[in-house]
Peer 1: 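Have a look at this one before I ask anything.
Predicted model, so just to flag it, every value in this text is computed and none were measured. Heavy-atom basis, side chains included; hydrogens, waters and symmetry copies ignored. Atoms within a ligand are numbered from 1 in the order they appear, just like the ligands themselves.
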Amino acid sequence: MRNENEFGNHPHRDEGVEKETTSRREFLAKAGLMAGGVGLLSLTYGLTWAVEPQNCAFPRSSTAPVSFQPDRNLAVRTRKSASTLTATEVQRLKAAYTALRRLSSTRPNDSRGWLRQANAHCWYCGGGLNGRAGEEIHGGWWFLPWHRCYLYFHERILGNLIGDPTLTLPYWDWDRAAGRTIPAAYTNPNTAANPLFDANRGRTPTATLPTSIVGSQVMAQVLAAPTSPLFMGSDASSPNSQGGRLENGPHGAVHIWTGTSFQSPQQGQDMGILSTAAQDPVFFAHHANIDRLWDVWLQSSNTHQNPTDSAWLTHRWTFYDERGRRTSISVADVVDAENSLRYRYDDVAPKAMAMDEREAESRVTLGPNAITKTIPVPDELHAKIMKGKAADEPAREYVLHIEDVHFPQHRSAIVHVFGNLPRDEKTAALSSDRYLGYFAIVPRTTKDTNRKAMHRHIVLQVSERIRDLLKASKELSVTLAPVTAEGKPSPSKMAIGKLYLAED
Ligand code: C2O
């Protein structure tokens with residue numbers, strides 16, 4: 001397997017760089033300059049409409065990348081919750097994003113600029129509208145380390161642009177009751193005068209994330225994922241690779257919620273579509289929380305371990321560092337973030353969170369597009385379930401696999417999953433012991449053209465209660481209820497490739 005993946009793991013290795021500079025046009029469109037007569041907007045941000053990039057490739061470069069070296073002289077910096085930033089820290093962050101956006105307009109081919117960085121994310125998650133893309137880093141075990149690298153370089157670039165190497169990205173702690181709105185710095189003011197603002201959000205500053213997607217119950221389920229494949233995704237080189245609970249759950253749902261308003265289907269962008277998500281500065285606060293939850297998961301049990309496979313540890317990507325140097329960095333370089341990347345989080349203690357009443361009551365309406373399918377439990381598996389585990393055996397996990405989930409027109413949805421619901425139920429409680437969890441599908445693009453079908457493979461653990469029910473029957477009926485980010489039945493029809501039960 002090739003390890004250098006900036007332009008690779010892709011049949012057309014040399015297609016990762018631009019044939020000509022097309023990004024200037026995209027930048028101008030994004031900045032609103034192509035609408036004629038609105039040139040005065042050039043120094044404001046976000047008074048724009050969504051422009052999905054045509055081409056996400058990196059600028060051409062002939063220099064070989066340097067290898068990442070940890071800077072041990074750099075003092076360890078602490079990433080704080082966005083809700084605890086001081087006024088000075090908010091000002092500093094805004095100054096840095098102002099400089100980042102300015103770099104994008106003054107030097108559009110500088111890989112450190114705002115749009116160039118956003119397009120690097122696009123490149124690694126399906127590519128631009130021209131269909132050209134790099135290695136897919138979503139839907140498997142590259143997800144956490146790739147985004148860790150990406151945030152690290154983003155943070156160092158921001159610090160460098162304002163000459164302050166102590167700058168850190170804040171995290172959006174939507175997993176706590178106090179963090180359920182978009183963090184205030186990003187919405188105050190909620191206009192283009194704020195460099196942290198993004199016009200392509202589907203939410204007002206006071207809108208709150210539903211507990212059904214980020215509440216304590218959901219978070220407890222996510223953080224209880226017992227193995228690294230279930231938590232952070234499995235070997236991405238396998239054709240059957242699956243995304244982890246963190247990625248397919250709250251990660252995706254917060255993207256969809258932030259970017260999308262189902263009243264207006266055009267508003268999938270920016271956060272609601274992977275190819276534009278990183279154009280919204282709140283992307284980085286969202287992902288800082290994902291990155292922090294990786295630490296929380298590791299802290300919360302000594303059986304929670306990162307993969308030890310060398311295929312994972314030696315895998316490399318190329319980024320641009322704060323000085324604009326192409327830099328090759330491996331997964332092994334970033335697993336110990338404090339030591340090598342010189343940052344830590346102010347709080348990674350796993351917390352027992354109390355479920356609030358509202359949350360205990362939340363129910364989903366199954367709606368006309370819900371699907372119930374009955375699947376057989378294979379004999380061998382059934383025998384194991386019947387037998388239970390001997391005292392000296394490790395616990396077995398049984399997992400429901402859901403493969404190739406599709407929605408038309410690249411619409412997103414959040415899908416709640418139940419096992420063996422009583423027949424003819426119209427609603428189901430998320431606190432019920434028949435609830436297996438949910439997954440969220442973040443589309444790559446708004447258009448259905450020029451793309452390979454998106455392969456998404458979801459796994460959810462089978463609860464103890466369902467395991468007990470399976471003792472009496474050799475069938476599992478699985479109900480999938482797609483909802484919008486607001487929790488209403490989704491208007492989009494969903495198709496499922498394959499459903500089966502297996503041992504983890
Ligand atoms: Cu790379 Cu949150 O997506």
Peer 1: Any sub-3.5 Å donor-acceptor pair from Arg325's side-chain atoms to Val66's backbone N or O?
Peer 2: no
Peer 1: Applying salt bridge (Lys or Arg N to Asp or Glu O under 4.0 Å), can you list everything that pairs with Glu155, at least two apart in sequence or on another chain?
Peer 2: Arg77, Arg79
Peer 1: May I ask you to test the Pro491-Thr484 pair for a side-chain heavy-atom distance under 4.5 Å?
Peer 2: yes
Peer 1: Among the N, O or S atoms that His121 has, which is closest to atom 1 (Cu) of ligand 1?
Peer 2: NE2
Peer 1: Can the ring centres of Phe319 and Phe68 be said to be less than 6.0 Å apart?
Peer 2: no
Peer 1: Do you know how many protein N, O or S atoms are within a distance smaller than 2.8 Å of atom 2 (Cu) of ligand 1?
Peer 2: 3
Peer 1: Kindly confirm or rule out a cation-pi arrangement of Arg180 over Trp174, judged by NZ or CZ under 6.0 Å from the six-membered ring centre and within 45° of its axis?
Peer 2: no
Peer 1: Could you tell me whether the side chain of Val399 reaches within less than 4.5 Å of the side chain of His401, counting heavy atoms only?
Peer 2: yes
